[in-house]
Amino acid sequence: MRLDVLTIFPEYLEPLNVSLVGKARARGQLDVQVHDLRAWARDRHHTVDDTPYGGGPGMVMKTEPWGEALDTTLADGYENGAHDPVLVVPTPSGRPFTQECAVALSARPWLIFTPARYEGIDRRVMDEYATRLPVHEVSIGDYVLAGGEAAVLVVTEAVVRLLPGVLGNAESHRDDSFAPGAMADLLEGPVYTKPPEWRGREIPEVLLSGHHGRIARWRRDEALRRTSAHRPDLIERCDPSALDKKDRETLSILGWAPGPDGRFWRRPDAVEE
Ligand code: 6GU
């Protein structure tokens with residue numbers, strides 16, 4: 001996979017040299033090119049922003065540097081054998097970035113990221129490139145960052161760990177919280193390792209039992225408990241056909257009841273666990 005990042009803060013992308021992504025690069029599974037957007041600014045001061053038409057606070061990133069940077073990057077990629085690029089545009093006004101998006105992007109051979117600073121990029125840039133390649137505007141959550149660079153790191157890590165041969169164990173992401181079909185979209189419960197006792201705290205006995213059926217059941221109940229506490233919205237939209245008899249018992253204990261459509265809702269009298 002080829003990744004290009006166009007940014008006015010190339011040093012912000014240094015973490016792409018570390019850990020999982022860094023190793024994938026070192027192994028040649030990933031070709032990452034970080035470009036300084038200011039290299040395409042025409043004036044002495046390397047200006048990339050200007051005041052917004054219509055007034056208002058802040059500055060807007062100018063069309064020309066982005067246009068030239070993207071043209072150069074696309075030409076360079078094609079010359080070097082890359083194909084089928086997607087433009088990934090981090091913005092708080094994008095569609096929510098989810099595991100499903102990560103899976104879709106991990107199937108693409110070439111991602112080009114355009115993290116913005118200031119109040120964003122002149123709309124005409126994305127309107128123009130949307131006529132040439134798919135453009136995905138993505139937000140990584142309901143909060144505002146000072147720029148899209150941290151979002152590029154987030155999206156890259158979520159995507160690269162899905163590439164074949166990047167994670168040691170292909171099974172490792174089957175049970176990820178949010179992996180499609182994983183524990184049918186429940187959060188993962190707690191995990192433990194040695195020593196068996198630490199500061200007087202023991203491991204839940206079932207995990208030492210060697211009884212795989214009971215262990216799987218316990219994990220499932222812990223996942224339900226954690227999801228109920230931290231993400232009740234996931235229980236509410238859970239497909240009821242994904243829940244077995246014991247799931248329903250556990251949910252009942254946690255204060256959930258099936259409604260007329262079979263979906264679960266929290267009984268108003270339920271006490272928080
Ligand atoms: Cl992708 N960019 C910025 N600036 N803020 C965000 C975001 C992205 N996602 C959530 N907040």
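What you are looking at is a predicted structure, and each value in this text was computed from that prediction instead of being measured.
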**Any donor-acceptor N/O pair, Ser228 side chain to Leu224 backbone, under 3.5 Å** = no

**Asked** Would you say the side-chain atoms of Arg225 pair up with the backbone N or O of Leu254, donor to acceptor, closer than 3.5 Å?
**Response** no

**Request:** Under the side-chain contact (heavy atoms from CB on, under 4.5 Å) rule, what do Val32 and Asn17 come out as? Steps first, then yes or no, please.
**Result:** CA-CA 9 Å; Val32 180; Asn17 291 317; over 6 Å; no

**Request:** Please state whether the rings of Trp218 and Tyr192 are parallel, tilted or perpendicular, taking 30° and 60° as the class boundaries.
**Result:**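 Judged by the thresholds at 30° and 60°, the geometry between Trp218 and Tyr192 is tilted.
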
Assess whether a salt bridge exists between [X] and [Y], defined as any Lys/Arg side-chain N lying under 4.0 Å from an Asp/Glu carboxylate O.
{"X": "Asp185", "Y": "Arg231", "answer": "no"}
{"X": "Arg219", "Y": "Glu222", "answer": "no"}
{"X": "Asp247", "Y": "Arg217", "answer": "yes"}
{"X": "Glu100", "Y": "Arg95", "answer": "no"}

**Message:** Pair Val155, Phe113 - check side-chain contact (heavy atoms from CB on, under 4.5 Å), show working.
**Reply:** CA-CA 10 Å; Val155 171; Phe113 292 96; 3.7 Å; yes

**Request:** Take Asp122 and Thr63, measure what side-chain hydrogen bond (donor to acceptor under 3.5 Å, both in side chains) needs, and give me the verdict at the end.
**Result:** CA-CA 6 Å; Asp122 185 307; Thr63 51; 5.1 Å; no

**Prompt:** So Arg117 and Glu149, salt bridge (charged side-chain N to carboxylate O under 4.0 Å, His left out) or not? Walk me through it.
**Reply:** CA-CA 9 Å; Arg117 289 269 147 177; Glu149 284 77 7; 2.9 Å; yes

**Item:** Residues Trp66, Thr114; criterion side-chain hydrogen bond (donor to acceptor under 3.5 Å, both in side chains); working and verdict
**Value:** CA-CA 9 Å; Trp66 282 110; Thr114 56; over 6 Å; no

**Request:** For Arg25, look at atom CZ and say whether over 12 heavy atoms of other residues, nucleotides or ligands are found less than 6.0 Å away.
**Result:** yes

